[in-house]
Amino acid sequence: MGRTAIAKQEETHLFHVRYLSKMKGKGRSPLQVNVKDAITGLIGGFLSIFALVLLTNMTSAEWLMAPFGASCVLAFGVWNAPLSQPRNIIGGHFVSTFVGLATYHVFGDEPWAIGLAVGLAIAVMMMTKTTHPPAGADPLVVMLGGYSWSYLITPVLIGSLIIVFFALMINNLRSNREYPTFWI
């Protein structure tokens, strides 16, 4: 082997070592255990989802979807994070569901279309400053469920508003919490 080939091999090896070393992680989890925060999460998640289940049982409309459980984790568990704010909860779910429905109604539920819908939803949320991780699942929900455009209003828009309502009421009962940190 020539000197150039050996140098390229060494360079490739160093790249792999550096790349893999990034995956080790550093230190320990910065998360703290706080019983009051856990109780707030318990109460907020319970009341929000319970209200949506009751509405579903009392009406002919669907008021609940799985990503709302993850939204409750953010709204009550990390209430002061940028991705947990009303703009992100409501806007993120609305934008992602819209993208999912549009993709579904134009391209159907082909595997590539489902992947495209999730990717587009992420991009549109980021461009509109409405990024909300649980909403990344919304295109999957609407495309795999074959939902119509009415799903955008019920459960998505109204359900998101209900979660934000409970987040406003419950988070602000605590003297050390001010929710939201921003609206716009």
Side-chain angles (χ1 to χ4, degrees), residues 21-59 61-100 118-119 121-142 144-145 147 151-184:
S21 72
K22 292 179 183 182
M23 298 179 199
K24 288 189 311 191
K26 295 178 182 159
R28 297 177 149 223
S29 171
L31 299 175
Q32 301 288 317
V33 175
N34 181 311
V35 174
K36 286 182 181 179
D37 287 344
I39 291 170
T40 302
L42 168 71
I43 293 168
F46 168 75
L47 290 175
S48 297
I49 299 303
F50 182 62
L52 293 168
V53 170
L54 281 180
L55 284 168
T56 298
N57 291 342
M58 293 169 32
T59 67
E62 200 171 336
W63 294 89
L64 187 63
M65 64 177 187
F68 284 164
S71 292
C72 287
V73 173
L74 291 175
F76 302 104
V78 284
W79 55 274
N80 56 350
L83 307 183
S84 304
Q85 301 309 302
R87 171 191 180 99
N88 299 78
I89 294 172
I90 298 163
H93 280 298
F94 190 84
V95 163
S96 290
T97 301
F98 181 85
V99 168
V118 171
I122 294 167
V124 174
M125 281 192 291
M126 292 176 76
M127 293 175 67
T128 58
K129 296 188 203 176
T130 59
T131 305
H132 184 63
D138 294 0
L140 298 172
V141 170
V142 298
L144 296 175
Y147 290 106
Y151 199 82
L152 191 58
I153 305 303
T154 307
V156 173
L157 180 60
I158 297 173
S160 298
L161 288 167
I162 289 170
I163 291 169
V164 168
F165 169 79
F166 279 107
L168 290 166
M169 297 301 114
I170 293 164
N171 282 320
N172 289 310
L173 286 173
R174 300 265 310 274
S175 62
N176 64 337
R177 288 189 180 197
E178 287 183 29
Y179 182 82
T181 59
F182 63 84
W183 280 95
I184 304 295

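No hydrogens, no waters, no symmetry mates; every other heavy atom, side chains included, goes into these values. Since this is a predicted model, take the numbers as computed values, not measurements.
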Check: Would Phe98 and Val142 satisfy side chain to side chain contact (heavy atoms under 4.5 Å, CB included), going step by step from the backbone distance to the final call?
Finding: CA-CA 9 Å; Phe98 181 85; Val142 298; over 6 Å; no

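You'll find the side chain of Pro86 reaches within 4.5 Å of the side chain of Tyr179, heavy atoms only. Under the 4.5 Å side-chain criterion, counting only non-hydrogen atoms from C-beta, Tyr151 is in contact with Val141.
Across all non-hydrogen atoms, the minimal contact from Leu168 to Pro180 is CD2-CD, 3.6 Å. For the pair Gly91 and Thr130, the tightest heavy-atom approach, listed with the atom from each and the gap, is C-CB, 3.7 Å. When all heavy atoms are compared, the tightest approach of Ser96 to Gly136 is OG-N, 4.4 Å.
Scored by the ring pair (Phe, Tyr, Trp, His ring centres under 6.0 Å) test, Phe68 finds His93 as partners (sequence neighbours excluded). The side chain to side chain contact (heavy atoms under 4.5 Å, CB included) check on Leu74 picks up Val78, Ser84, His132, Pro133, Pro134, with sequence neighbours excluded. With sequence neighbours excluded, the residues that form a salt bridge (charged side-chain N to carboxylate O under 4.0 Å, His left out) with Arg177 are Asp37. With sequence neighbours excluded, the residues that form a side chain to side chain contact (heavy atoms under 4.5 Å, CB included) with Val53 are Ile49, Asn57, Leu64.
A donor-acceptor pair under 3.5 Å links the side-chain atoms of Asn171 to the main chain of Ala75, judged by distance alone. Under the 3.5 Å distance criterion, the side-chain polar atoms of Thr97 are left unmatched by any main-chain donor or acceptor of Phe94. A donor-acceptor pair under 3.5 Å links the side-chain atoms of Gln85 to the main chain of Thr181, judged by distance alone. Without hydrogens or angle criteria, Thr56 side chain to Trp63 main chain gives a donor-acceptor distance under 3.5 Å. Counting only distance, with no hydrogens or angles, the side chain of Arg87 and the backbone of Lys129 share a donor-acceptor pair below 3.5 Å.
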Just distance, no hydrogens or angles: give the donor-acceptor pairs under 3.5 Å from side chains in residues 157-164, sequence neighbours left out.
residue: Ser160; atom: OG; partner: Val156; partner atom: O; Å: 2.7

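Atom OG of residue Ser71 and atom CG of residue Leu83 lie 11.0 Å apart, to the nearest 0.5 angstrom. Considering CD1 of Ile170 and CZ of Phe46, their distance stands at 10.0 Å, rounded to 0.5 Å. Here the CG atom belonging to Asn34 is positioned 8.0 Å from the CG atom belonging to Asn176, to the nearest 0.5 angstrom.
Sparse packing is recorded around CD1 of Ile184, with 12 or fewer heavy atoms of other residues, nucleotides or ligands lying under 6.0 Å away. The environment of Met126 atom CE is sparse: at most 12 non-hydrogen atoms of other residues, nucleotides or ligands sit within 6.0 angstrom.
Residue pairs meeting the salt bridge (Lys or Arg N to Asp or Glu O under 4.0 Å) criterion with at least one member in residues 69-86, sequence neighbours excluded, do not occur.
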